[in-house]
Amino acid sequence: MTRIMKRLLLGAALAALPVTATVSAAQSRPAATAPAKLAIDMRYLTLPNGLKVVLSRDTLAPTVTVGVYYGIGFRVEPRERTGFAHLFEHLMFQGSQNAPKGVFINTISNAGGVLNGSTRFDFTNYFEIAPSNALERILWLEADRMARPVIDDTVLKNQQGVVGNEVKVNVLNQPYGSWPWIDLPMLANTNWYNSHNFYGDLKEIEAATVADAKQFHSAFYRPNNAVLVVAGDIDYARAEAMVRKYFGPLQKGAPVKLPDLAEPRQTAEKTRSRVDALAPKPGWAAGYHMPPRGTPEWYAMGLIDQMLVQGDDSRLSRKLVSETGITGDLSGGINASLGNMYNYNGPMLWAFNFTHDPQFGDAQIRQAVDGVMEQLRTTPVTQGELDRARTKLRSDLYSSVDGGTRVGLIDLLAVYALFDNDPQAVNRIEAGFAKVTPALIQKTAQEYLRPTNRSIYTIVPGSAAAKGGK
């Protein structure tokens, strides 16, 4: 498998496809007085073994998208098992008892489909897109992989080498390799689960034994720690019958107890800098702790993100790119490096980063950034700016719930089932953003955009360090 970030970029590209058909036909002709509302048709059930199942039917194309999401990700992996979530993402592609290595991939590709997987903060997922007549084969393969993956010395050693090479080639030996997606959370957070090197400590990955790997599988890769989503050209009754046939007999595991992920309120700005021998330009990144997911302030931060960093019309883009010329590559968001603002479950940062020419020092950058932040904290936004932010965010939401691949759709359904036991909440997302007022925007900004809630991580190019620059 390729490096995880490439897989994430693939997922982002798939999620950016047009989405018109995911909304029902009635919704596609909205009344003149009100825009259409997201209305995903679905069925939700839980099997006796604890497997959560979400079925969603549409007839846009004779295809299905199947996703299996396990409640084990980077930051919920146990101590002394750093990198195991990532390692196991690879191991689960190495064959199962009744489908040796290559069978799964060949079955999907021979049917004209595609498959992939990724590891995120709070889950590991696998998905397949194939013609709808391949659904039963996919469900059989996924059930066999869940219950009976091949975990032996040969497979483990092979994948330890693969993961080790990924870390060395694509992180340790790349310019800006771990910045800011690993570096910034490690600086901003105090709880070990949120602040460890989640991509994997090579010593712990390389020291893993077959017994360790089997114990990890037994603890986390069970029906009662998973969600199965099937979306596309399906018949609800037939699809449910297939799911019960192949997943129903699987044994329920012991209850999974998630670690405490709580972070204390940050009361002082944190800063860190490191020399990157491979970096051609300085880098500047800032992260602010987010409100708890699903709260009114969380919805407000989603709109603040649109106002401050998303698009050329955003306030930070105008200040840092158009007015001062400090940078030309501003990027950021909520959980931007490993997903989106919906698919995590715990503390999170709203963050942005950019590279810049050495002529711009930290003081000049801070002055520009602070000016933007303080304006939002002290001056109410206009209703017009709030409405534009809502329109941009709504467009992003509908684009993620795509009609072509349905990858964004199954992701939303899966995470709301996994984290909230409520996939219907997807249809209420827009209502949460609709309730945000200019007053709530200002209140949220005053608490969460304060300098004492900020962590700044800068990169010094190796050439600059050698010359004594900063």
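Using modelled atom types, no side-chain atom of Arg293 and backbone atom of Asn345 make a donor-acceptor pair closer than 3.5 Å. In this structure a side-chain-to-backbone donor-acceptor pair under 3.5 Å is present from Glu77 to Ala85. Side-chain atoms of Asp260 come within 3.5 Å of backbone atoms of Ala262 as a donor-acceptor pair (strictly under, hydrogens ignored). Between the side chain of Asp420 and the main chain of Asp422, no donor-acceptor pair closer than 3.5 Å is present. Remark: side-chain polar atoms of Arg222 are not paired, donor with acceptor, to backbone N or O of Gln251 under 3.5 angstrom. No side-chain donor-acceptor contact under 3.5 Å links Arg57 to the backbone of Tyr236. Although no hydrogens or angles enter the test, the distance criterion places a donor-acceptor pair under 3.5 Å between the side chain of Glu430 and the main chain of Leu38. Checking side-chain atoms of Gln94 against main-chain N and O of Lys101 turns up no donor-acceptor pair under 3.5 Å. Panel note: side chain Asp233, backbone Thr59; no donor-acceptor pair is recorded below 3.5 Å.
No more than 12 heavy atoms of other residues, nucleotides or ligands shown are found within 6.0 angstrom of NZ on Lys443. Around the CG atom of Asn110, the shell of radius 6.0 Å holds more than 12 heavy atoms that belong to other residues, nucleotides or ligands.
Side-chain contact between Tyr199 and Thr119 is absent, with no heavy-atom pair separated by less than 4.5 Å. For the pair Phe74/Leu338, a side-chain contact is recorded, criterion being any heavy-atom separation below 4.5 Å from C-beta on.
In this pair, Phe88 and His217 present their aromatic rings parallel. The plane angle is below 30°, not in the 30 to 60° band. Ring geometry, Tyr176 versus Trp179: the interplanar angle falls from 30° to 60°, so the pair is classed tilted.
In this structure, Phe121 has its ring center no closer than 6.0 Å to that of Tyr344.
Look at Asp313 and Arg388 and you find no salt bridge, because none of the NZ, NE, NH1 or NH2 atoms lies under 4.0 Å from a carboxylate O.
Rounding to the nearest 0.5 Å places CE of Met242 at 8.5 Å from CG of Asp235. Taking OH from Tyr288 and CG from Leu349, the interatomic distance works out to 11.5 Å, rounded to the nearest 0.5 Å. Distance check: Ile138 CD1 to Thr65 OG1 gives 8.5 Å after rounding to the nearest 0.5 Å.
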Before you tell me yes or no, could you show the steps for Glu128 and Arg145 under salt bridge (Lys or Arg N to Asp or Glu O under 4.0 Å), namely the whole-Å CA-CA distance, both residues' side-chain angles and the distance that decides it to 0.1 Å? CA-CA 13 Å; Glu128 300 82 34; Arg145 169 159 67 179; 3.4 Å; yes
